[in-house]
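Not measured: the values here are computed from a predicted model.
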Amino acid sequence: MQAAVFHGPRDIRLTDMAEPTPQAGEVLIKVQCAGICGSDLNRFHYGSHPWPPGFIMGHEFCGEIAALGAGVDAWQVGQQVVVEPTLYCGTCFYCQQGYHNRCVEFNQRGITGSGTNGGFADYVCVPAYQPHVRPPQLTPNLGALVEPMAVSIHGWRLAGADKPDSVVVVGIGNIGLLAILAAKALGAKQIIAIGKYAPRQELARIYGASVVLEPDDSQLQTQILDRTNGLGAELALEAAGTPSSLRTAVEVARKGGKIVVLGVFHEEVALDYRTILLSEKHILGSLIYQRQDFADAISILSAGGIDTHRHITANIPLRDIVTQGFIPLSERKADHIKIQVTPQV
């Protein structure tokens, strides 16, 4: 089979290798569609710390069960599945409480496609606890969006939001756009999006944002106050992973409001903690997802609402993952939201 093996920054090599054989407790997945994530792009630029290179990236993927390892009786060959790439020990304090995303071995294990082989390949073996059934109405392209959708849903669930009167989504890349769709599906009464680039802004409106504001608008906070009865947002979802986006999310939240951090940061961020204290604002870190978040993501995406022609800005063969995937995402950010890879083409 062919696989895109990560060897270091800007060093991803298409490699011919033997098809893997599922071990006890594993299933073999024939990959149908895999998305290039922002974290994949970060590894392309900066490396894969703490996981050493030499693995196949790709953690947003779906496929078909092609073979079963010993002891696996919950699945059948030929079933269509979406893979939840979380890896966990199952025995630590957090796993025993059901918080597999907080597993004490997270940094050691990583997730499928980050430290262990993932979906940028014709086939991949995964633990039998990872797959979810892919319903017929969920196309492979949508199936490969389930993982990032689950990220947004997990942040929402952490906030304990129950039909909030106002939600601000800061950043309208893939995660932010999916967060808008999730907020609409989960009962937000008003959604305000903050982000750049006309194609993304248009999708934000289609997905449920009542207004889309530019991040560098000098009247940004005033406009949000005007739309929230002078209070600010009940819930702010930070989905860009930049210092300015987090500061914006904190600023637009009301007193007692909640700020959920979905973006991945690569630098320290200075915040006005005195104002946070005096306003009793709550900042919550959100790490990937739990199994119910993944199941909810499947349900929301199965119900429709994604404009796949505009949201998925390119669908490329595995052999072109660098030239038509990572490089365009790096050099023409405004042109792309999500690039997906189709192996075996």
Side-chain angles (χ1 to χ4, degrees), residues 25-27 29 31-40 58-65 72 74-75 79-90 94-103 106 109-116 118-119 124-161 174-186 237 239 260 262 264 284-306 311 338 340:
E26 294 183 337
V27 295
I29 304 292
V31 181
Q32 296 167 331
C33 186
I36 301 177
C37 176
S39 59
D40 295 324
H59 59 271
E60 302 177 359
F61 66 99
C62 63
E64 177 182 304
I65 293 183
V72 176
W75 297 104
Q79 281 187 287
Q80 303 298 304
V81 296
V82 178
V83 176
E84 177 186 345
T86 311
L87 296 169
Y88 51 87
C89 72
Y94 300 105
C95 286
Q96 289 293 302
Q97 298 297 315
Y99 297 107
H100 300 123
N101 60 318
R102 302 177 189 174
C103 177
F106 179 81
R109 292 174 180 264
I111 63 175
T112 294
S114 298
T116 63
V124 60
C125 288
V126 302
Y129 61 73
Q130 285 190 341
H132 293 245
V133 172
R134 178 171 67 82
Q137 64 270 33
L138 197 70
T139 65
N141 295 109
L142 291 175
L145 289 177
V146 169
E147 195 273 349
M149 172 64 91
V151 169
S152 297
I153 292 172
H154 182 64
W156 179 280
R157 180 165 280 120
L158 276 179
N174 182 55
I175 293 288
L177 289 170
L178 294 175
I180 292 168
L181 192 69
K184 181 180 179 182
L186 295 170
L237 299 173
V260 178
L262 301 177
V264 178
L284 302 169
S286 181
L287 178 63
I288 56 175
Y289 30 71
Q290 294 173 264
R291 195 160 180 86
Q292 187 58 51
D293 304 318
F294 220 83
D296 290 345
I298 290 173
S299 296
I300 291 173
L301 288 170
S302 294
I306 290 287
H311 194 111
K338 174 60 64 178
Q340 291 184 337

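Between A74 and Q79 the shortest heavy-atom distance is O-OE1, 4.3 Å. Closest heavy-atom contact between C33 and P140: CB-O, 3.7 Å. Of all heavy-atom pairs spanning C95 and G90, the tightest one is SG-N, 3.3 Å. Residue A161 comes nearest to W156 through the heavy atom pair O-NE1, 3.5 Å, listed as atom of the first residue, atom of the second, then distance. The two residues D40 and G58 come nearest to each other via the heavy atoms OD1-N, 4.0 Å. The shortest non-hydrogen separation linking A159 to V260 is CB-CG2, 3.8 Å.
Contacts classified as side chain to side chain donor-acceptor pair (under 3.5 Å) and involving residues 137-146 (residues at least two apart or in different chains) are given here: N141-Q340.
The closest side-chain heavy-atom distance from N174 to H311 is below 4.5 Å. When side chains are defined from C-beta on, H59 counts as touching S39, because their heavy atoms get closer than 4.5 Å. You'll find the side chain of L237 stays beyond 4.5 Å of the side chain of S152, heavy atoms only. Contact of the L178 side chain with the I306 side chain is registered, since non-hydrogen atoms from C-beta on lie closer than 4.5 Å. No side-chain heavy atom of R291 sits less than 4.5 Å from a side-chain heavy atom of H100. At least one side-chain heavy atom of Q130 sits less than 4.5 Å from a side-chain heavy atom of L87. In this structure, D296 and F294 have side chains that are not in contact, with every pair of non-hydrogen atoms separated by 4.5 Å or more.
Here the straight-line distance linking atom CG of L138 with atom CD1 of I300 works out to 12.0 Å at 0.5 Å rounding. Of the inter-residue distances, the one linking T112 atom OG1 with E84 atom CD reads 10.0 Å to the nearest 0.5 angstrom. Taken to the nearest 0.5 Å, the CD1 atom of I298 stands 11.5 Å off from the CG atom of D293. Note: L262 CG to I153 CD1 = 11.0 Å, rounded to the nearest 0.5 Å. For the atom pair OG1 (T86) and CD1 (I288), the distance works out to 4.0 Å, reported to the nearest 0.5 Å.
F61 pairs with exactly one of V124, V146, V81 by the side-chain contact (heavy atoms from CB on, under 4.5 Å) rule, that one being V124.
With S114 contributing its side chain and G110 its backbone, the two residues share no donor-acceptor pair below 3.5 Å. Side-chain N or O atoms of N101 include one that pairs as donor or acceptor with a backbone N or O of L287 at under 3.5 Å. In this structure, the side chain of Q290 engages the main chain of G98 through a donor-acceptor pair within 3.5 Å. Of the possible donor and acceptor atoms, none in the side chain of E26 sits under 3.5 Å from a partner among the backbone N and O of A128.
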Go through Y289 and R157 one step at a time and tell me if the side chain to side chain contact (heavy atoms under 4.5 Å, CB included) criterion holds. CA-CA 10 Å; Y289 30 71; R157 180 165 280 120; over 6 Å; no
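Under the 3.5 Å distance criterion, with hydrogens and angles disregarded, a donor-acceptor pair is assigned to the side chains of E64 and Q80.
Note: Y88 and Y129 meet the aromatic proximity criterion, with ring centroids under 6.0 Å apart.
For the side-chain contact (heavy atoms from CB on, under 4.5 Å) test, residues two or more places apart in sequence or in another chain that qualify with L158 are R102, H154, S286.
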